[in-house]
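Quick notes on the structure that follows.
On a predicted model such as this, the values are computed, not experimentally measured, just so you know. For ligands, and for the atoms within them, numbers begin at 1 and follow the listed sequence.
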Amino acid sequence: MRILVVGAGATGGYFGGRLLQAGRDVTFLVRPGRARVLRERGLRIVGLGEQTVLEPEVVLAGEIEGPYDLILLTVKESGLAAAVDDLAPAVGPGTLIVPVLNGMRQIDLLVERFGEEAVLGGIAYVMTTLDDFGDVLRLAGMHRLAYGRRDGSVDEQVRAVHAALSDAGFETVLSEHVASAMWSKWTFIASLGAVNVLGGGSVGDVAAAPGGKTLAEAVVDEAAAVAAAAGYPVSAAERDTYRAMLTEDGSADTSSLFRDFGAGLPVEAEQIFGDLVARAEEFGVAVPLLRAVAVRLRVHNARTSNRA
Ligand SMILES: NC(=O)C1=CN([C@@H]2O[C@H](COP(=O)(O)OP(=O)(O)OC[C@H]3O[C@@H](n4cnc5c(N)ncnc54)[C@H](OP(=O)(O)O)[C@@H]3O)[C@@H](O)[C@H]2O)C=CC1
Ligand SMILES: CC(C)(CO)C(=O)C(=O)O
(Lines give C-alpha, C1' and ligand atoms only; values in the text may rest on other atoms or scores of the structure.)
(Ligands and ions follow the chains in the order given, each with its own letter.)
Protein backbone atom coordinates (compact mmCIF):
# COMPACT_ATOMS: atom_id res chain seq x y z
CA MET A 1 0.00 0.00 0.00
CA ARG A 2 1.42 3.41 -1.01
CA ILE A 3 1.23 5.78 1.95
CA LEU A 4 1.65 9.55 1.76
CA VAL A 5 2.28 11.30 5.07
CA VAL A 6 1.45 14.98 4.75
CA GLY A 7 3.72 16.88 7.14
CA ALA A 8 6.76 15.43 8.88
CA GLY A 9 6.40 17.27 12.18
CA ALA A 10 5.78 15.87 15.65
CA THR A 11 2.95 13.46 14.72
CA GLY A 12 3.70 12.87 11.02
CA GLY A 13 7.41 12.39 11.66
CA TYR A 14 6.65 9.97 14.47
CA PHE A 15 3.99 7.74 12.92
CA GLY A 16 5.41 8.07 9.39
CA GLY A 17 8.89 7.35 10.73
CA ARG A 18 7.71 4.21 12.49
CA LEU A 19 5.98 3.03 9.30
CA LEU A 20 9.16 3.66 7.33
CA GLN A 21 11.21 1.82 9.95
CA ALA A 22 8.84 -1.13 9.58
CA GLY A 23 9.52 -1.22 5.83
CA ARG A 24 6.21 0.24 4.63
CA ASP A 25 6.03 2.19 1.38
CA VAL A 26 6.00 5.73 2.82
CA THR A 27 6.55 9.11 1.19
CA PHE A 28 6.40 12.43 3.06
CA LEU A 29 4.83 15.51 1.47
CA VAL A 30 6.74 18.40 3.04
CA ARG A 31 7.58 22.04 2.43
CA PRO A 32 11.05 23.11 1.26
CA GLY A 33 12.47 24.01 4.71
CA ARG A 34 11.53 20.67 6.20
CA ALA A 35 12.77 18.84 3.09
CA ARG A 36 16.19 20.43 3.59
CA VAL A 37 16.39 19.30 7.21
CA LEU A 38 15.27 15.78 6.36
CA ARG A 39 17.82 15.50 3.56
CA GLU A 40 20.66 16.84 5.73
CA ARG A 41 19.93 15.09 9.06
CA GLY A 42 17.56 12.34 8.09
CA LEU A 43 14.32 11.84 9.98
CA ARG A 44 15.31 11.27 13.58
CA ILE A 45 13.17 9.93 16.38
CA VAL A 46 14.76 10.66 19.74
CA GLY A 47 13.94 10.61 23.44
CA LEU A 48 13.06 7.87 25.95
CA GLY A 49 16.50 6.38 25.28
CA GLU A 50 16.07 6.16 21.50
CA GLN A 51 18.21 7.57 18.65
CA THR A 52 16.70 6.35 15.38
CA VAL A 53 17.87 7.82 12.07
CA LEU A 54 15.83 7.17 8.93
CA GLU A 55 16.19 8.22 5.30
CA PRO A 56 12.74 9.27 4.18
CA GLU A 57 11.45 9.67 0.65
CA VAL A 58 10.16 13.24 0.35
CA VAL A 59 8.11 15.14 -2.23
CA LEU A 60 7.19 18.81 -2.44
CA ALA A 61 3.82 20.20 -3.51
CA GLY A 62 3.64 19.98 -7.28
CA GLU A 63 5.84 16.86 -7.44
CA ILE A 64 3.13 14.28 -6.67
CA GLU A 65 2.81 11.77 -9.48
CA GLY A 66 -0.50 9.98 -9.23
CA PRO A 67 -2.69 8.78 -6.40
CA TYR A 68 -1.69 7.10 -3.14
CA ASP A 69 -3.77 4.44 -1.37
CA LEU A 70 -3.59 6.08 2.05
CA ILE A 71 -2.90 9.65 3.12
CA LEU A 72 -2.05 10.48 6.71
CA LEU A 73 -2.74 14.20 7.20
CA THR A 74 -0.64 15.53 10.09
CA VAL A 75 -0.48 19.32 9.74
CA LYS A 76 -1.72 21.87 12.29
CA GLU A 77 -4.55 24.38 11.89
CA SER A 78 -2.29 27.01 10.32
CA GLY A 79 -1.25 24.64 7.51
CA LEU A 80 -4.55 22.89 6.92
CA ALA A 81 -6.10 24.80 4.02
CA ALA A 82 -2.89 24.85 1.95
CA ALA A 83 -2.13 21.21 2.74
CA VAL A 84 -5.57 20.17 1.45
CA ASP A 85 -4.75 21.90 -1.86
CA ASP A 86 -1.24 20.42 -1.97
CA LEU A 87 -2.32 16.84 -1.35
CA ALA A 88 -5.18 16.90 -3.88
CA PRO A 89 -3.14 15.31 -6.73
CA ALA A 90 -2.49 12.32 -4.43
CA VAL A 91 -6.22 11.58 -4.09
CA GLY A 92 -7.64 9.08 -6.57
CA PRO A 93 -10.90 7.12 -6.64
CA GLY A 94 -9.65 4.54 -4.10
CA THR A 95 -7.68 6.82 -1.77
CA LEU A 96 -8.49 6.99 1.94
CA ILE A 97 -7.43 9.97 4.07
CA VAL A 98 -6.77 9.69 7.81
CA PRO A 99 -6.39 13.13 9.43
CA VAL A 100 -4.87 13.18 12.93
CA LEU A 101 -5.57 16.80 13.90
CA ASN A 102 -7.30 17.46 17.20
CA GLY A 103 -10.84 18.80 16.74
CA MET A 104 -13.36 18.12 13.94
CA ARG A 105 -13.00 21.00 11.49
CA GLN A 106 -10.58 19.06 9.29
CA ILE A 107 -13.29 16.48 8.58
CA ASP A 108 -15.67 19.08 7.14
CA LEU A 109 -12.94 20.58 4.98
CA LEU A 110 -11.80 17.21 3.64
CA VAL A 111 -15.31 15.89 3.00
CA GLU A 112 -16.24 19.06 1.15
CA ARG A 113 -13.19 18.66 -1.08
CA PHE A 114 -12.86 14.89 -1.56
CA GLY A 115 -16.26 13.43 -0.61
CA GLU A 116 -17.57 11.43 2.33
CA GLU A 117 -16.16 8.05 1.20
CA ALA A 118 -12.55 9.23 1.10
CA VAL A 119 -12.34 10.60 4.64
CA LEU A 120 -11.88 8.47 7.75
CA GLY A 121 -11.88 9.74 11.31
CA GLY A 122 -8.49 9.68 12.99
CA ILE A 123 -6.95 10.35 16.40
CA ALA A 124 -3.31 10.47 17.46
CA TYR A 125 -2.64 9.52 21.07
CA VAL A 126 0.99 10.50 21.33
CA MET A 127 3.14 13.15 23.01
CA THR A 128 5.85 14.32 20.64
CA THR A 129 7.39 17.60 19.61
CA LEU A 130 10.12 18.80 17.24
CA ASP A 131 13.29 19.74 19.13
CA ASP A 132 15.72 22.52 18.19
CA PHE A 133 17.39 20.28 15.58
CA GLY A 134 14.08 19.35 13.97
CA ASP A 135 14.17 15.82 15.39
CA VAL A 136 11.00 14.14 16.60
CA LEU A 137 11.27 14.10 20.39
CA ARG A 138 9.09 11.67 22.34
CA LEU A 139 7.85 13.13 25.62
CA ALA A 140 5.87 10.11 26.80
CA GLY A 141 5.57 6.43 26.01
CA MET A 142 2.01 6.39 24.64
CA HIS A 143 1.79 5.97 20.87
CA ARG A 144 -1.52 4.94 19.45
CA LEU A 145 -3.33 5.76 16.24
CA ALA A 146 -7.10 5.20 16.06
CA TYR A 147 -9.09 5.47 12.84
CA GLY A 148 -12.20 4.19 11.16
CA ARG A 149 -15.19 5.22 9.11
CA ARG A 150 -17.20 7.83 10.97
CA ASP A 151 -20.43 5.86 10.47
CA GLY A 152 -18.80 2.86 12.18
CA SER A 153 -18.88 0.61 9.11
CA VAL A 154 -15.93 -1.62 8.34
CA ASP A 155 -15.17 -2.66 4.76
CA GLU A 156 -12.29 -4.27 2.87
CA GLN A 157 -10.69 -0.93 2.09
CA VAL A 158 -10.59 0.07 5.75
CA ARG A 159 -9.31 -3.35 6.77
CA ALA A 160 -6.48 -2.95 4.24
CA VAL A 161 -5.58 0.42 5.80
CA HIS A 162 -5.57 -1.22 9.23
CA ALA A 163 -3.23 -3.93 7.99
CA ALA A 164 -0.89 -1.35 6.43
CA LEU A 165 -0.67 0.67 9.65
CA SER A 166 -0.48 -2.19 12.13
CA ASP A 167 2.61 -3.94 13.58
CA ALA A 168 4.84 -0.98 12.86
CA GLY A 169 5.99 -0.21 16.41
CA PHE A 170 2.95 1.70 17.67
CA GLU A 171 -0.54 0.65 18.69
CA THR A 172 -3.37 0.80 16.18
CA VAL A 173 -7.11 0.71 16.73
CA LEU A 174 -9.63 0.19 13.96
CA SER A 175 -12.52 1.90 15.71
CA GLU A 176 -16.23 1.51 15.08
CA HIS A 177 -16.80 4.59 17.25
CA VAL A 178 -14.19 6.95 15.92
CA ALA A 179 -16.45 10.01 15.72
CA SER A 180 -17.37 9.66 19.41
CA ALA A 181 -13.71 9.12 20.28
CA MET A 182 -12.75 12.26 18.36
CA TRP A 183 -15.36 14.30 20.23
CA SER A 184 -14.21 12.82 23.50
CA LYS A 185 -10.58 13.68 22.82
CA TRP A 186 -11.63 17.17 21.69
CA THR A 187 -13.54 17.59 24.98
CA PHE A 188 -10.43 16.60 26.90
CA ILE A 189 -7.89 18.61 24.92
CA ALA A 190 -10.04 21.77 24.96
CA SER A 191 -10.61 21.37 28.70
CA LEU A 192 -6.92 20.86 29.41
CA GLY A 193 -5.98 23.84 27.23
CA ALA A 194 -8.64 26.00 28.92
CA VAL A 195 -7.44 25.07 32.41
CA ASN A 196 -3.85 25.92 31.41
CA VAL A 197 -4.65 29.17 29.59
CA LEU A 198 -7.24 30.54 32.05
CA GLY A 199 -5.35 29.33 35.12
CA GLY A 200 -1.96 30.28 33.71
CA GLY A 201 -0.18 27.06 34.67
CA SER A 202 -0.17 23.29 34.83
CA VAL A 203 -3.12 21.26 36.12
CA GLY A 204 -1.43 21.07 39.54
CA ASP A 205 -0.77 24.83 39.64
CA VAL A 206 -4.42 25.55 38.96
CA ALA A 207 -5.66 22.85 41.35
CA ALA A 208 -3.61 24.43 44.15
CA ALA A 209 -5.27 27.84 43.72
CA PRO A 210 -8.54 28.45 45.58
CA GLY A 211 -11.33 28.07 43.02
CA GLY A 212 -9.00 26.29 40.56
CA LYS A 213 -10.67 22.90 40.78
CA THR A 214 -14.10 24.47 40.36
CA LEU A 215 -12.81 26.21 37.23
CA ALA A 216 -11.45 22.93 35.84
CA GLU A 217 -14.73 21.12 36.43
CA ALA A 218 -16.66 23.95 34.85
CA VAL A 219 -14.62 23.84 31.62
CA VAL A 220 -15.04 20.07 31.37
CA ASP A 221 -18.81 20.58 31.79
CA GLU A 222 -18.90 23.25 29.07
CA ALA A 223 -16.95 21.17 26.55
CA ALA A 224 -18.92 18.01 27.36
CA ALA A 225 -22.20 19.92 26.91
CA VAL A 226 -21.18 20.82 23.34
CA ALA A 227 -20.24 17.21 22.57
CA ALA A 228 -23.61 16.06 23.91
CA ALA A 229 -25.49 18.68 21.88
CA ALA A 230 -23.61 17.51 18.78
CA GLY A 231 -24.90 13.98 19.37
CA TYR A 232 -21.64 12.55 20.75
CA PRO A 233 -22.07 12.60 24.52
CA VAL A 234 -19.01 11.87 26.58
CA SER A 235 -19.87 8.97 28.90
CA ALA A 236 -20.24 9.66 32.63
CA ALA A 237 -17.15 7.53 33.29
CA GLU A 238 -15.02 9.50 30.79
CA ARG A 239 -16.28 12.78 32.16
CA ASP A 240 -15.35 11.71 35.69
CA THR A 241 -11.91 10.66 34.43
CA TYR A 242 -11.40 14.04 32.75
CA ARG A 243 -12.56 15.90 35.85
CA ALA A 244 -10.19 13.84 37.99
CA MET A 245 -7.23 14.32 35.61
CA LEU A 246 -7.80 18.06 35.40
CA THR A 247 -8.07 18.59 39.17
CA GLU A 248 -5.19 16.33 40.20
CA ASP A 249 -3.02 17.78 42.95
CA GLY A 250 0.60 18.17 41.88
CA SER A 251 -0.05 17.27 38.22
CA ALA A 252 2.51 18.84 35.84
CA ASP A 253 0.19 18.25 32.85
CA THR A 254 -0.03 20.94 30.19
CA SER A 255 -1.34 20.66 26.64
CA SER A 256 0.98 21.11 23.65
CA LEU A 257 -1.17 24.16 22.85
CA PHE A 258 -0.25 25.75 26.18
CA ARG A 259 3.43 24.96 25.69
CA ASP A 260 3.30 26.67 22.26
CA PHE A 261 1.39 29.56 23.85
CA GLY A 262 4.12 29.97 26.47
CA ALA A 263 6.82 29.82 23.82
CA GLY A 264 5.17 32.62 21.81
CA LEU A 265 4.34 30.29 18.91
CA PRO A 266 1.05 30.31 16.98
CA VAL A 267 -1.60 28.03 18.48
CA GLU A 268 -4.63 26.14 17.17
CA ALA A 269 -7.12 28.76 18.35
CA GLU A 270 -9.83 27.97 15.80
CA GLN A 271 -9.28 24.22 15.48
CA ILE A 272 -9.57 23.57 19.21
CA PHE A 273 -11.56 26.53 20.60
CA GLY A 274 -13.11 28.75 17.90
CA ASP A 275 -14.84 25.83 16.21
CA LEU A 276 -16.10 24.44 19.54
CA VAL A 277 -17.55 27.84 20.46
CA ALA A 278 -19.15 28.19 17.00
CA ARG A 279 -20.79 24.78 17.37
CA ALA A 280 -21.94 25.67 20.90
CA GLU A 281 -23.59 28.80 19.48
CA GLU A 282 -25.30 26.75 16.80
CA PHE A 283 -26.70 24.37 19.46
CA GLY A 284 -27.58 27.12 21.95
CA VAL A 285 -25.09 25.88 24.57
CA ALA A 286 -23.55 28.55 26.82
CA VAL A 287 -19.74 28.33 26.90
CA PRO A 288 -18.44 31.56 28.50
CA LEU A 289 -15.15 30.02 29.65
CA LEU A 290 -14.31 28.44 26.28
CA ARG A 291 -15.28 31.67 24.55
CA ALA A 292 -12.84 33.58 26.77
CA VAL A 293 -10.05 31.16 25.85
CA ALA A 294 -10.83 31.51 22.13
CA VAL A 295 -10.52 35.30 22.38
CA ARG A 296 -7.31 35.09 24.42
CA LEU A 297 -5.74 32.75 21.85
CA ARG A 298 -6.87 34.88 18.91
CA VAL A 299 -5.14 37.87 20.50
CA HIS A 300 -2.05 35.70 21.02
CA ASN A 301 -2.07 34.55 17.38
CA ALA A 302 -2.53 38.11 16.12
CA ARG A 303 0.45 39.22 18.22
CA THR A 304 2.63 36.34 17.04
CA SER A 305 1.83 36.98 13.39
CA ASN A 306 2.53 40.71 13.84
CA ARG A 307 5.95 39.80 15.23
CA ALA A 308 6.75 37.42 12.34
N1 LIG B 1 2.31 16.63 18.94
C2 LIG B 1 1.49 15.91 19.65
O3 LIG B 1 1.89 15.30 20.67
C4 LIG B 1 0.06 15.77 19.24
C5 LIG B 1 -0.50 16.55 18.24
N6 LIG B 1 -1.81 16.33 17.87
C7 LIG B 1 -2.44 17.13 16.82
O8 LIG B 1 -1.88 16.73 15.57
C9 LIG B 1 -1.88 17.83 14.64
C10 LIG B 1 -0.46 18.00 14.11
O11 LIG B 1 0.35 18.41 15.20
P12 LIG B 1 1.93 18.26 15.23
O13 LIG B 1 2.36 17.11 14.43
O14 LIG B 1 2.31 18.36 16.66
O15 LIG B 1 2.35 19.62 14.49
P16 LIG B 1 3.79 20.03 13.94
O17 LIG B 1 3.75 21.51 13.81
O18 LIG B 1 4.88 19.42 14.74
O19 LIG B 1 3.85 19.37 12.52
C20 LIG B 1 3.07 19.80 11.46
C21 LIG B 1 3.92 19.78 10.22
O22 LIG B 1 3.09 20.05 9.12
C23 LIG B 1 3.89 20.66 8.16
N24 LIG B 1 3.09 21.32 7.13
C25 LIG B 1 2.26 22.38 7.24
N26 LIG B 1 1.70 22.65 6.04
C27 LIG B 1 2.18 21.75 5.17
C28 LIG B 1 1.97 21.51 3.79
N29 LIG B 1 1.15 22.28 3.04
N30 LIG B 1 2.63 20.49 3.20
C31 LIG B 1 3.46 19.71 3.92
N32 LIG B 1 3.72 19.89 5.24
C33 LIG B 1 3.07 20.89 5.85
C34 LIG B 1 4.76 21.62 8.94
O35 LIG B 1 5.93 21.78 8.18
P36 LIG B 1 6.88 23.07 8.14
O37 LIG B 1 8.13 22.57 8.82
O38 LIG B 1 7.05 23.32 6.70
O39 LIG B 1 6.19 24.16 8.91
C40 LIG B 1 5.02 20.83 10.22
O41 LIG B 1 6.27 20.19 10.20
C42 LIG B 1 -2.41 19.03 15.44
O43 LIG B 1 -3.78 19.21 15.18
C44 LIG B 1 -2.20 18.64 16.91
O45 LIG B 1 -3.13 19.25 17.76
C46 LIG B 1 -2.56 15.32 18.38
C47 LIG B 1 -2.02 14.52 19.35
C48 LIG B 1 -0.72 14.73 19.91
C1 LIG C 1 -2.70 15.68 25.45
C2 LIG C 1 -2.13 15.17 24.14
C3 LIG C 1 -0.65 14.92 24.26
C4 LIG C 1 -2.78 13.80 23.89
O5 LIG C 1 -2.35 13.15 22.78
C6 LIG C 1 -2.39 16.13 23.01
O7 LIG C 1 -3.10 15.85 22.09
C8 LIG C 1 -1.79 17.50 23.03
O9 LIG C 1 -1.14 17.90 24.00
O10 LIG C 1 -1.99 18.23 22.03
- [ ] Could you tell me whether ligand 1 has any atom less than 4.0 Å away from a heavy atom of Thr128?
- [x] yes
Open item on the list: On a heavy-atom basis, which atom in Gln271 and which in Asn102 lie closest, and how many Å separate them?
Closed with: NE2-O, 2.9 Å
Open item on the list: Does any N or O of ligand 2 fall below 3.5 Å from an N or O anywhere on Ser255, backbone included?
Closed with: no
TODO: Mind checking whether Asp86 contacts ligand 1 via backbone (N, CA, C, O), side chain (CB onward), both or neither, at a 4.0 Å heavy-atom cut-off?
DONE: side chain
Open item on the list: Both conditions, 6.0 Å and 45 degrees, for the charged tip of Arg18 above the ring of Phe170: are they met here?
Closed with: no
Open item on the list: Heavy atoms only, cut-off 4.0 Å: how does Glu268 contact ligand 1, side chain, backbone, both, or neither?
Closed with: side chain
Task: Thr254-ligand 2 polar pair, N/O distance under 3.5 Å - done: no
Task: ligand 1 contact on Leu257 by region, counting heavy-atom pairs under 4.0 Å - done: neither
Open item on the list: I'd like to check which ligand 2 atoms, numbered from 1 as shown, lie under 4.0 Å from a non-hydrogen atom of Asn102.
Closed with: 7 (O), 10 (O)
- [ ] Distance to 0.1 Å, residue and atom name: give those for the protein heavy atom nearest to atom 8 (O) of ligand 1.
- [x] Val100 O, 3.7 Å
TODO: Decide yes or no on salt bridge (charged side-chain N to carboxylate O under 4.0 Å, His left out) for Glu217 and Arg243, but give the supporting numbers first.
DONE: CA-CA 6 Å; Glu217 289 179 352; Arg243 278 165 161 252; 3.6 Å; yes
Open item on the list: Could you identify the single nearest non-hydrogen protein atom to atom 10 (O) of ligand 2 and state the distance to 0.1 Å?
Closed with: Ser256 OG, 2.6 Å
Task: Polar contact flag for Val126 and ligand 1 (N/O pairs, less than 3.5 Å) - done: yes
Open item on the list: Give me the nearest non-hydrogen protein atom to atom 23 (C) of ligand 1 as residue plus atom name, then the distance to 0.1 Å.
Closed with: Gly7 CA, 3.9 Å
Open item on the list: Applying side-chain contact (heavy atoms from CB on, under 4.5 Å) to Leu145 and Leu72, what does each step give before you reach the verdict?
Closed with: CA-CA 11 Å; Leu145 202 54; Leu72 216 52; 4.3 Å; yes
TODO: Give the numbers and elements of all ligand 1 atoms closer than 4.0 Å to a heavy atom of Leu29.
DONE: 31 (C), 32 (N)
Task: Identity and separation of the nearest protein heavy atom to atom 17 (O) of ligand 1 - done: Lys76 CD, 3.6 Å
TODO: Under 4.0 Å from a heavy atom of Met127: give me the atoms of ligand 1 that qualify, with their elements.
DONE: 3 (O)
TODO: Verify the neighbour count for atom CD of Glu112: are there more than 12 heavy atoms of other residues, nucleotides or ligands below 6.0 Å?
DONE: no
- [ ] Let me see the working for Leu215 and Val195 under side-chain contact (heavy atoms from CB on, under 4.5 Å), right down to the final yes or no.
- [x] CA-CA 7 Å; Leu215 171 72; Val195 168; 5.7 Å; no
Open item on the list: What I want to check is whether the side chains of Tyr125 and His143 have a donor and an acceptor closer together than 3.5 Å.
Closed with: no
Open item on the list: Give the atom numbers and elements of ligand 2 that come within less than 4.0 Å of a heavy atom of Met142.
Closed with: 4 (C), 5 (O)
Task: Spacing of Leu109 atom CG and Met104 atom CE [to the nearest 0.5 Å] - done: 12.0 Å
Open item on the list: Among all the protein's non-hydrogen atoms, which is closest to atom 30 (N) of ligand 1, and how far away is it?
Closed with: Arg31 CG, 3.8 Å
Task: Same apolar cluster: Ile3 and Phe114, side chain cutoff 4.5 Å - done: no
Task: Residue and atom name of the nearest protein heavy atom (relative to atom 7 (O) of ligand 2), distance in Å to one decimal - done: Lys185 NZ, 3.0 Å
TODO: To the nearest 0.5 Å, tell me how far Ser256 OG sits from Leu139 CG.
DONE: 9.5 Å
Task: Where ligand 2 meets Met127 - atom numbers and elements under 4.0 angstrom, heavy-atom basis - done: 3 (C)
Open item on the list: So, taking the atom named CD in Gln106 and the one named CG in Asp275, what distance separates them when rounded to the nearest 0.5 Å?
Closed with: 8.5 Å
Task: Ala124 heavy atom under 4.0 Å from ligand 2 - done: yes
Task: Common cluster, Leu54/Leu137, ILVMFWY with side-chain heavy-atom separation under 4.5 Å - done: no
Task: Distance, nearest 0.5 Å, that separates CG of Leu87 from CG of Leu73 - done: 6.0 Å
TODO: Quick one: look up the protein heavy atom nearest atom 6 (N) of ligand 1 and list residue, atom name and how far away it is.
DONE: Asn102 ND2, 3.6 Å
Open item on the list: Students should be able to answer this: which protein heavy-atom is nearest to atom 24 (N) of ligand 1, and at what distance?
Closed with: Val75 CG1, 3.5 Å
- [ ] Examine His300 together with Phe261 and report whether their ring centres are nearer than 6.0 Å.
- [x] yes
Open item on the list: Please check whether Val126 reaches ligand 2 - meaning an N/O of the residue sits under 3.5 Å from an N/O of the ligand, judged on distance alone.
Closed with: yes
Task: Identity and separation of the nearest protein heavy atom to atom 12 (P) of ligand 1 - done: Thr11 OG1, 3.8 Å
TODO: Check whether any heavy atom of Ala124 sits under 4.0 Å from an atom of ligand 1.
DONE: yes
Task: For atom 2 (C) of ligand 2, closest protein heavy-atom neighbour - done: Ile189 CD1, 4.0 Å
- [ ] Considering heavy atoms of the protein only, find what lies nearest to atom 20 (C) of ligand 1 and give residue, atom and distance to 0.1 Å.
- [x] Thr74 O, 3.5 Å
TODO: Answer with yes or no whether the hydrophobic clustering places Ile97 together with Leu120; edges join I, L, V, M, F, W, Y residues whose side-chain heavy atoms lie under 4.5 Å apart.
DONE: no
TODO: Check Lys185 against ligand 1 and report side chain, backbone, both or neither, counting heavy atoms closer than 4.0 Å.
DONE: side chain
TODO: Assess whether salt bridge (charged side-chain N to carboxylate O under 4.0 Å, His left out) is satisfied between Lys76 and Asp260, documenting all intermediate values.
DONE: CA-CA 12 Å; Lys76 275 184 172 163; Asp260 287 347; 3.0 Å; yes
TODO: Kindly confirm or rule out an N or O of Ala10 lying under 3.5 angstrom from an N or O of ligand 1.
DONE: yes
